[in-house]
> 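Got a structure for you, written out below as structure tokens; questions coming shortly.
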Protein chains: 4
Amino acid sequence: MKSKLSFSRYGKSAVRVVKLIKHKTYHEFREVNVEVLLTGDYTDAHKKGDNRKVLPTDTVKNTIFILAKEHLTGTIEDFGLEVAKYFFKKNKQVEGVEVSLVENLWKRIPVTKGKRKVADPFTYQNAGDEKKTCYIQYSKKEKSIASGISGLHILKTTKSGFSDFYVDDYTTLKNADDRIFCTIMEAEWKYKSLKVDFAAERENIRQSLLETFAAHDSLSVQHTLFAMGDAALNASKKIDDIDISMPNKHNLLVNLSPFELENNNEIFVATDDPYGVIEGTVSRK
Amino acid sequence: MKSKLSFSRYGKSAVRVVKLIKHKTYHEFREVNVEVLLTGDYTDAHKKGDNRKVLPTDTVKNTIFILAKEHLTGTIEDFGLEVAKYFFKKNKQVEGVEVSLVENLWKRIPVTKGKRKVADPFTYQNAGDEKKTCYIQYSKKEKSIASGISGLHILKTTKSGFSDFYVDDYTTLKNADDRIFCTIMEAEWKYKSLKVDFAAERENIRQSLLETFAAHDSLSVQHTLFAMGDAALNASKKIDDIDISMPNKHNLLVNLSPFELENNNEIFVATDDPYGVIEGTVSRK
Amino acid sequence: MKSKLSFSRYGKSAVRVVKLIKHKTYHEFREVNVEVLLTGDYTDAHKKGDNRKVLPTDTVKNTIFILAKEHLTGTIEDFGLEVAKYFFKKNKQVEGVEVSLVENLWKRIPVTKGKRKVADPFTYQNAGDEKKTCYIQYSKKEKSIASGISGLHILKTTKSGFSDFYVDDYTTLKNADDRIFCTIMEAEWKYKSLKVDFAAERENIRQSLLETFAAHDSLSVQHTLFAMGDAALNASKKIDDIDISMPNKHNLLVNLSPFELENNNEIFVATDDPYGVIEGTVSRK
Amino acid sequence: MKSKLSFSRYGKSAVRVVKLIKHKTYHEFREVNVEVLLTGDYTDAHKKGDNRKVLPTDTVKNTIFILAKEHLTGTIEDFGLEVAKYFFKKNKQVEGVEVSLVENLWKRIPVTKGKRKVADPFTYQNAGDEKKTCYIQYSKKEKSIASGISGLHILKTTKSGFSDFYVDDYTTLKNADDRIFCTIMEAEWKYKSLKVDFAAERENIRQSLLETFAAHDSLSVQHTLFAMGDAALNASKKIDDIDISMPNKHNLLVNLSPFELENNNEIFVATDDPYGVIEGTVSRK
């Protein structure tokens with residue numbers, strides 16, 4: 001063969017780990033979707049079908065479950081680091097490990113106890129589409145960890161406009177000084193160190209993003225995205241950059257004028273496509 | 001043509017109505033997916049392509065938005081009844097109207113105000129996969145309204161087993177006295193009257209279902225389904241029957257014995273398929 | 001408890017059976033998604049948690065795989081009947097069995113052999129979203145089999161209009177004498193007997209539906225739906241009725257007039273929602 | 001604000017263009033999902049909410065439809081290049097343009113004409129999940145075009161094994177000398193020039209990938225991936241590299257031994273997760 005292998009990577013994806021942590025007064029239910037990808041010297045595997053250095057992806061899966069038993073006790077970041085280190089150290093043919101984790105969130109169900117509602121210690125409801133994410137790179141060259149949020153489906157009903165934009169021959173959009181701003185935010189931030197109180201930093205960053213989204217007098221999605229990133233950097237000294245994606249999920253004003261009715265920002269149609277894409281990275285100066 | 005039309009129905013589906021209700025101190029954000037189906041004398045439309053009695057589905061869509069402006073102020077049940085009555089009364093060629101509504105749920109985002117967290121009056125996060133549903137039939141023969149819940153993704157970590165079942169030659173399942181019970185419940189109940197405090201009854205029924213799910217010593221999904229239905233009937237005098245579907249979303253115990261590790265109900269793998277189906281209707285005696 | 005069980009049903013869904021049938025000159029790859037639901041005397045199971053009559057859904061799954069080994073050799077209809085009979089006869093606590101089957105379709109990949117392209121005997125590509133479906137009821141009272149098609153995503157670019165419809169105050173739609181007609185058809189027909197050459201009848205019915213869809217001068221979706229149903233009844237003497245659903249998947253003409261461009265049925269935007277619903281049952285007179 | 005904007009990008013996604021090209025003897029139906037992303041000097045937009053340089057994403061959408069009218073006549077590559085050039089040249093505030101295109105494939109429906117089946121000139125069926133893709137970068141620094149395939153859901157029933165792999169303490173997988181090899185392939189190749197007969201090169205590359213997949217005696221997914229990449233490079237002189245992703249969509253052998261039945265590669269269960277990930281880039285030496 002005249003070709004060469006210039007990149008390769010393999011592993012197991014969609015390993016859906018469930019862990020039940022039995023605390024004295026309640027059970028903690030955790031559900032984490034794990035992917036582990038390995039890089040290394042796999043040229044002979046590709047060129048000759050020589051599998052002697054190839055750890056089966058089935059073993060990768062087994063190992064994730066086994067490591068979860070001991071190490072999935074706190075944040076997905078702490079667990080992910082254990083997973084990354086394990087594969088890096090145990091397998092000399094492995095040069096780099098990438099671990100991606102996505103945690104589904106569950107909340108306790110409130111039940112009546114006497115005259116109050118209290119969270120049942122053993123019963124959960126899925127908390128929605130928002131996920132905690134984590135991405136780890138672990139090789140000789142780079143050891144890094146990034147955390148994130150995905151599926152944060154949020155909206156504000158006021159303090160949002162888009163006006164005085166660039167107009168060319170194909171522009172038909174009108175200025176809007178009051179519109180619904182709806183997005184499914186994704187954010188990711190890389191920590192400056194591997195030793196961080198991941199739970200605390202995540203909570204600080206998430207809350208700063210949400211509070212800024214709520215408070216901001218938005219002149220555009222870009223404008224609010226930057227303010228949110230700036231707030232996140234203020235909220236955490238452990239990061240220097242944050243990537244934010246805020247697709248513009250349009251709720252379009254329905255034209256009621258054919259029926260001689262006013263539509264004073266009252267009736268909208270929700271749409272999935274097409275949608276605006278707005279992405280930015282905000283960095284510490 | 002030698003054939004006849006023995007059934008027909010048409011209308012518009014997936015009309016995604018968003019309504020912003022501007023209260024004095026906050027904005028209420030509502031998102032309801034509406035379907036309206038019409039039945040009537042449409043034989044000539046089918047056989048001859050004579051459209052003179054066919055109200056366009058585009059008009060059905062327009063009408064839903066127009067009616068939402070005035071009537072989507074409270075529950076989807078009250079709104080749906082207005083929609084059903086409108087199409088039934090205004091169109092003499094229409095013999096029956098079916099209205100299906102699915103409401104997406106949103107919750108206010110907590111933001112810091114002084115030393116406390118309060119719900120921001122204008123900012124929302126999607127509240128997850130649980131939906132409020134409603135199905136209305138409105139014809140000369142039948143005028144009825146059913147409400148429901150879909151997407152209620154819940155689980156309990158204990159007080160659930162399945163043992164002493166029927167065993168045949170192909171049975172390999174072992175008795176389980178402590179397992180995770182995870183389901184995505186759907187329920188629907190028909191009201192005995194069209195005049196009901198829909199919000200109050202819904203809340204009573206929903207809470208009784210959840211509390212029973214949490215409290216029940218479950219010997220099987222069927223066992224808990226019945227107890228939940230019984231509780232719902234006790235919680236609301238306005239219904240005589242409730243349909244409940246509780247698919248068994250299996251979290252399977254991972255076999256760690258090849259690695260000489262115990263798995264004392266700690267590590268599971270979440271699966272989507274295959275899944276158990278358990279459905280039942282519980283009725284007042 | 002004051003309630004009674006007025007309906008119950010249970011079983012296993014999404015059993016994804018793959019069967020490799022090794023013919024002399026090629027391998028036949030089959031993929032069928034099977035659901036089996038059982039009804040019977042399950043009152044004690046629900047009320048008391050008495051599982052002694054409850055065959056586990058895990059056993060239902062095992063049984064489907066075991067029966068596939070011997071019986072999944074021809075059509076899903078013939079296989080489904082064997083499955084239904086098995087559960088009905090072997091389990092005296094079972095009063096009724098419902099079997100639903102959905103077959104994914106695969107086609108052989110054409111490869112070069114000498115100067116021609118021939119279908120490789122062992123290599124397949126998924127054939128798309130069209131599925132073969134089958135639904136069987138098997139109880140003392142009713143033994144019936146229905147076949148169907150789902151996911152038939154088809155369109156015609158001409159010979160389709162919608163004009164001279166009913167116009168009310170909320171109608172803004174204009175007459176269209178030439179539009180794209182796009183649908184994702186579902187059809188189901190019940191056979192008059194359990195002994196049918198299912199493959200031949202299915203092929204006749206499917207081809208008659210498609211040819212009529214192509215040839216018809218459509219004055220509305222309803223108009224074409226009826227003609228297709230009529231053709232299917234002519235194509236098969238084994239059925240007396242066919243249910244057809246033809247949602248109107250709108251390709252909307254893009255308004256280019258603001259840019260002083262004509263749009264002579266050239267540029268459209270594909271949309272998913274809202275969509276028209278058109279359903280009908282065509283029956284032999 | 002103490003932060004700076006270190007990256008930004010925006011545009012419109014999911015613009016679902018449908019084009020009807022009316023040839024003399026038939027209508028060509030095209031459906032292309034387009035995304036256009038812009039980079040440039042948007043610091044003031046983010047920091048100050050100054051939108052004067054921001055072309056609305058709504059205008060991006062309009063422009064895509066307008067350009068489709070004139071330019072969507074051949075391949076998505078040729079169309080995409082026109083779109084990229086337009087935005088790059090017309091907007092001096094734009095420094096870079098990325099265009100991503102995904103084409104849904106449709107096939108003509110065969111209908112009876114006399115004694116033969118011929119493709120109807122106006123009637124189409126969706127051709128499945130395989131898509132044609134294209135990704136264009138157009139800036140001062142880089143002008144490049146890559147084409148690809150996504151959703152190529154293929155399998156081979158034999159000539160595939162995986163044996164003699166690396167075994168550690170957590171490995172339970174057994175050697176397999178004959179297994180089903182099922183994948184949903186994605187591939188992407190960057191052309192060395194912008195002036196290419198895109199249709200011809202695509203066809204050559206695609207066919208070489210498929211024929212090699214069919215013919216290869218596979219010792220692992222990696223092994224076949226490399227052979228396929230090598231074949232693609234042989235098939236097209238216009239490319240030097242190809243990225244291939246071949247997730248291992250496992251069809252697991254069902255264990256029938258508890259029922260004293262053999263399973264000689266006959267009965268499998270199709271699974272979605274977890275799945276193996278295998279990725280590689282094959283390059284010309």
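What you see is a predicted model; the values in this text were computed from it and never measured. In what follows, chains carry the letters A, B, and so on, assigned in the order in which the sequence lines appear, proteins first and then strands, with residues in each chain numbered from 1. Only this structure's heavy atoms are used, side chains among them; waters, hydrogens and symmetry mates stay out.
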> Against chain A, work out which of Gln125(B), Lys156(B), Arg30(B) has the most heavy-atom pairs shorter than 4.5 Å and name it.
Gln125(B)

> What residues of residues 108-120 of chain A make heavy-atom contacts with chain B at a cutoff under 4.5 angstrom?
Ile109(A), Pro110(A), Val111(A), Thr112(A), Lys117(A), Asp120(A)

> Under 4.5 Å, heavy atom to heavy atom, which residues of residues 248-257 of chain B contact chain A?
Asn251(B), Val254(B), Leu256(B)

> Minimum heavy-atom separation for Phe65(A) to Phe268(B), with atom names?
CE2-O, 3.6 Å

> Using a cut-off of under 4.5 Å on heavy-atom pairs, state which of Thr271(B), Asn263(B), Ile184(B) scores highest against chain A.
Thr271(B)

> If you count every heavy atom of other residues, nucleotides or ligands that lies below 6.0 Å from Asp177(A) atom CG, does the total exceed 12?
no

> Who passes side chain to side chain donor-acceptor pair (under 3.5 Å) against Glu31(A), sequence neighbours left out?
Asn104(A), Trp106(A)

> Check for a donor-acceptor pair, side chain of Lys22(A) on one end and backbone N or O of Glu266(B) on the other, with a separation under 3.5 Å.
no

> When only pairs under 4.5 Å are counted, which of Val17(B), Ile66(B), Leu210(B) shares the most heavy-atom pairs with chain A?
Ile66(B)

> Considering only heavy atoms from C-beta outward, does the side chain of Arg16(B) approach that of Asp272(A) to under 4.5 Å?
yes

> Report the option among Leu20(B), Asn265(B), Leu155(B) that has the most heavy-atom pairs separated by less than 4.5 Å from atoms of chain A.
Leu155(B)

> Is the count of non-hydrogen atoms from other residues, nucleotides or ligands lying under 6.0 Å from Asn264(B) atom CG greater than 12?
no

> Thr59(B): which residues meet the side chain to side chain donor-acceptor pair (under 3.5 Å) condition with it, sequence neighbours left out?
Thr171(C)

> Looking at every heavy atom in both Ala68(A) and Ile267(B), which two are closest together, and how far apart are they?
C-CD1, 3.8 Å

> At a 4.5 Å cut-off on heavy atoms, which part of Phe259(A) comes close to chain B: side chain, backbone, both, or neither?
side chain

> Please find the pair of heavy atoms, one from Val18(B) and one from Ala270(A), that lie closest to each other, and give the distance.
CG2-CB, 3.9 Å

> Between Ile180(A) and chain B, with a heavy-atom cut-off of 4.5 Å, which part of the residue counts as in contact: side chain, backbone, both or neither?
side chain

> Heavy-atom pairs under 4.5 Å with chain A: which of Leu261(B), Thr157(B), Ile154(B), Thr158(B) has the most?
Thr157(B)

> Given that the side chain runs from C-beta out, which part of Phe29(A) has a heavy atom under 4.5 Å from chain B: side chain, backbone, both or neither?
side chain

